[in-house]
Amino acid sequence: MKYVIIGNGVAGIHAAEAIRHLDAEGRLTLIGDETFPPYCRPMISMVLEGATPPERLPIRSTDFYRRLGITPILGRRVSGIDVEARVVRLPGLEDGIPFDRLLIASGADPRPITADGLHLAHIFYMRTERHIREMLDAIPTVKTALVLGGGLVGFKAAYGLLRRGIRVTQLIRSAYPLSMQVDRTAGEMILNELVRKGLDVRVGLSAAAFHGNGRVEGARLSDGSEIACDMVVIGKGVLPALSFVPRDRIDVDLGVLVNAHMETSVPGIYAAGDAAEFVDIARKTRWVNAIWPEAAAQGRAAGMNMAGRPVALKGSLSRNVIRIFDMDVMTGGWVDPPESAGFEILSRHDRRRKTYRKLVLDGRRLVGMAMVNDIAQGGLLISLIQNEVPLRISGNALLSSGFNYRQLLN
Amino acid sequence: MKQVVVHPERCVGCMQCMLACATAHSKTLHLFTAVREDPLPKPRIHVGAGIHGEGFPNRCRHCDPAPCMLACLPGAISRIPETNTVVIDPDTCINCASCAMACPFGVIRYHGDAAAPPGKAVAVKCDNCTARQKKGMVPACVEVCKSGALTFEEPASALGRKTREVARSVSRDAGGEPIAPGFALLNAVKRSQIEMEKR
Ligand SMILES: Cc1cc2nc3c(=O)[nH]c(=O)nc-3n(C[C@H](O)[C@H](O)[C@H](O)COP(=O)(O)OP(=O)(O)OC[C@H]3O[C@@H](n4cnc5c(N)ncnc54)[C@H](O)[C@@H]3O)c2cc1C
Ligand code: SF4
Ligand code: SF4
């Protein structure tokens with residue numbers, strides 16, 4: 001059996017390990033355009049912040065490929081897939097790489113923005129360890145930074161730069177940060193905390209143009225105002241990295257569509273991680289949940305299926321945990337559904353203790369939750385959402401932190 | 001290999017296990033001196049009080065596959081195959097709480113620990129008293145639990161006994177396994193309260 005995996009991120013690595021676990025003989029090739037050892041992408045913001053040295057990033061040792069008998073092809077970008085001939089195309093490689101089973105685990109690329117002056121130096125995206133190295137090279141000369149986007153990455157960039165003692169202005173389109181992950185109450189709690197720590201947040205704005213002499217010196221905002229900055233970080237979300245996928249042959253929406261076995265519309269070709277579009281358990285519709293634990297689980301499942309053990313996943317679930325300054329935030333499932341969805345919403349906000357808990361219920365089924373500063377039991381709630389367990393205790397009982405474990409777990 | 005088995009129906013909520021656990025994971029290993037250590041030793045087993053005051057000793061189940069292990073960002077969580085124990089390496093842990101998000105039992109806490117670098121908060125959970133087991137001792141929580149809510153045994157034998165218990169409890173004159181004295185009544189009261197609340 002010839003296995004080929006495109007992408008040496010967490011999804012690809014877990015798939016390779018699962019394949020090797022079940023099939024010691026098969027030929028396994030892993031193609032990735034990053035040459036750094038397989039590493040923890042979420043941790044790059046900790047390197048930016050200075051809390052972790054870059055040497056701590058790898059999640060597998062350098063002899064990983066050798067130990068597992070993997071042929072790595074690193075530093076090369078896949079340019080196409082020939083579905084008929086069952087071959088992966090790489091520039092400069094005439095015959096390409098033949099496969100019996102293929103995994104697309106190419107992850108995602110930062111969503112590009114349109115603005116004038118994007119060619120200037122000191123304008124960064126934040127996705128790879130290389131991006132961070134470039135940012136660190138720039139930082140000694142930086143006094144003020146502009147961060148675009150109020151999502152997880154923009155937010156972590158702003159936090160990291162603040163911790164470096166840089167004055168940061170963050171532009172976000174919505175009324176509060178992390179609007180995809182949290183609801184208004186939690187979002188405003190986070191915003192207040194950041195503002196208290198010195199972040200300058202401007203809502204309802206974006207950048208229209210950048211100017212400077214070689215490197216960026218300032219930006220013109222969508223309302224016509226000007227702002228000076230020595231550095232820009234663009235964190236406007238991500239898009240699945242699928243430039244090499246033949247869309248006329250493999251079904252693609254935002255990500256590559258997969259079934260419960262992580263298989264695409266073409267038998268023998270699989271997808272996992274940020275590149276894949278699966279069903280969301282809470283929303284019950286197709287969704288790309290671009291998060292680490294999902295990429296690991298999907299990669300693992302894809303690998304098992306590729307090696308012939310039919311395992312099925314139920315769907316993916318958005319969930320996140322963010323710890324910044326003195327704040328812990330955990331969210332899962334559908335946190336902020338539109339009113340028309342008709343869900344029951346329960347919440348408890350203790351302003352004095354700065355805690356917040358919110359549950360979203362569809363009848364007896366928990367579909368969403370958010371917790372601020374009170375997260376220890378959050379995993380239990382997330383597993384209730386994930387497993388669609390009908391609740392045996394009232395939502396209000398579940399809302400108090402001393403809820404009855406025995407009744408839930410027995 | 002032997003595992004800690006939890007029998008929540010026998011828990012009297014005395015929290016002795018918490019004290020024993022904290023002591024077993026302190027620097028000095030003695031309750032007397034442990035209370036003066038910095039960081040203050042904390043338990044890895046948590047007796048949650050239910051809404052009717054009943055106890056539930058909650059500890060890591062060392063799941064296989066372990067959701068926390070898949071979710072851990074830097075790969076700080078691994079399994080010791082010999083004792084089937086899921087452990088967290090405090091040096092690698094970045095205190096990100098991804099494991100709390102993944103653990104369906106809510107058993108992971110975050111704080112300083114005798115085994116962690118000084119001043120660093122890390123994820124802490126039950127390690128099956130690996131250090132004690134190496135010395136031939138049973139886990140500390142089991143040693144102190146006098147009501148039989150925590151036992152250390154082969155999972156297969158625990159399963160067999162559970163099956164017998166269930167079988168016996170459905171037969172008409174079922175006596176059931178003796179549970180902690182007085183608690184049968186208390187549990188009955190609680191159960192009826194729960195029933196009432198449901199209506
Ligand atoms: C700053 C930051 C912080 C984050 N924080 C969190 C967090 O706290 N929690 C969380 O759950 N998630 C977080 N994420 C998201 C998480 O990192 C991703 O969900 C996860 O890495 C996805 O893994 P993957 O294997 O699908 O893709 P990736 O990790 O993107 O790996 C894909 C690999 O494929 C390679 N590749 C792509 N195209 C090609 C090609 N054509 N040819 C060859 N190779 C190719 C890429 O270079 C890359 O190495 C964060 C992401 C970032 C950037
Ligand atoms: S910490 Fe939780 S998820 Fe991890 S092994 Fe223990 S019980 Fe299972
Ligand atoms: S808190 Fe520590 S052990 Fe838990 S997921 Fe994060 S790094 Fe891993």
Side-chain angles (χ1 to χ4, degrees), chain A residues 10 13-14 38-43 46 51-52 56-61 291-301 317 319-323 328-332 371 375-384 386-387 389 392-394 396-397 400-410, chain B residues 6-9 11 13 46-59 61 63 65 67-77 91-111 120-121 123-125 149 187 190-191 193-195 197-199:
Chain A
V10 59
I13 296 301
H14 273 88
Y39 66 99
C40 178
R41 206 174 287 289
M43 270 173 78
M46 302 181 65
T52 304
R56 292 292 296 270
L57 288 177
I59 51 169
R60 295 294 183 273
S61 62
I291 52 171
W292 180 273
E294 206 53 74
Q298 291 180 10
R300 189 166 177 272
L317 185 70
R319 52 201 190 274
N320 251 300
V321 55
I322 306 139
R323 310 184 108 181
D328 296 341
V329 182
M330 194 189 291
T331 64
M371 288 174 150
I375 62 169
Q377 292 166 331
L380 176 54
L381 298 180
I382 286 177
S383 94
L384 290 175
Q386 207 163 20
N387 297 303
V389 192
R392 284 194 277 170
I393 68 176
S394 75
N396 271 313
S400 73
S401 50
F403 61 72
N404 192 330
Y405 264 84
R406 188 192 282 186
Q407 277 175 280
L408 270 179
L409 298 181
N410 271 358
Chain B
V6 181
H7 313 268
E9 70 282 3
C11 175
H46 312 276
V47 179
I51 38 179
H52 305 300
E54 74 277 34
F56 182 93
N58 198 21
R59 67 193 285 288
R61 313 302 202 272
C63 320
C68 59
M69 205 191 290
L70 267 188
C72 177
L73 303 179
I77 307 185
D91 290 316
T92 310
C93 173
I94 55 170
N95 196 27
C96 66
S98 294
C99 47
M101 189 171 80
C103 174
F105 301 104
V107 297
I108 307 178
R109 300 292 139 96
Y110 303 87
H111 48 73
K120 184 184 173 192
V124 181
K125 68 164 195 69
N187 281 343
K190 282 171 201 154
R191 227 169 271 138
Q193 281 176 323
I194 292 163
E195 284 306 314
E197 199 199 41
K198 272 196 210 144
R199 281 189 205 119

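Keep in mind that the numbers below use all heavy atoms, side chains included, and drop hydrogens, waters and symmetry copies.
In this structure the side chain of Lys120(B) never reaches within 4.5 angstrom of the side chain of Asn95(B), judged on heavy atoms.
Of the inter-residue distances, the one linking Cys96(B) atom SG with Ile322(A) atom CD1 reads 11.5 Å to the nearest 0.5 angstrom. Annotation: the span from Cys40(A) atom SG to Arg56(A) atom CZ amounts to 11.0 Å, rounded to 0.5 Å. Distance NZ/Lys125(B) to SG/Cys68(B): 6.0 Å, rounded to 0.5 Å. Met101(B) contributes atom CE, which lies 13.0 Å from atom CE of Met371(A) (distance to the nearest 0.5 angstrom).
Interface check for chain A: of the options Ala76(B), Cys72(B), Pro74(B), the most heavy-atom pairs under 4.5 Å are formed by Pro74(B). Across Asn320(A), Thr52(A), Ile291(A), the residue that shares the most heavy-atom pairs under 4.5 angstrom with chain B is Asn320(A). Comparing Pro65(B), Gly75(B), Ala97(B) by how many heavy-atom pairs each has under 4.5 Å with chain A, the most go to Ala97(B). Annotation: maximal heavy-atom pairing with chain B below 4.5 Å, among Val10(A), Asp328(A), Ile382(A), occurs at Ile382(A).
Proximity to chain B is limited to the side chain of Arg300(A), based on heavy atoms less than 4.5 angstrom apart. Contacts between Arg319(A) and chain B at a heavy-atom distance below 4.5 Å involve backbone atoms as well as side-chain atoms.
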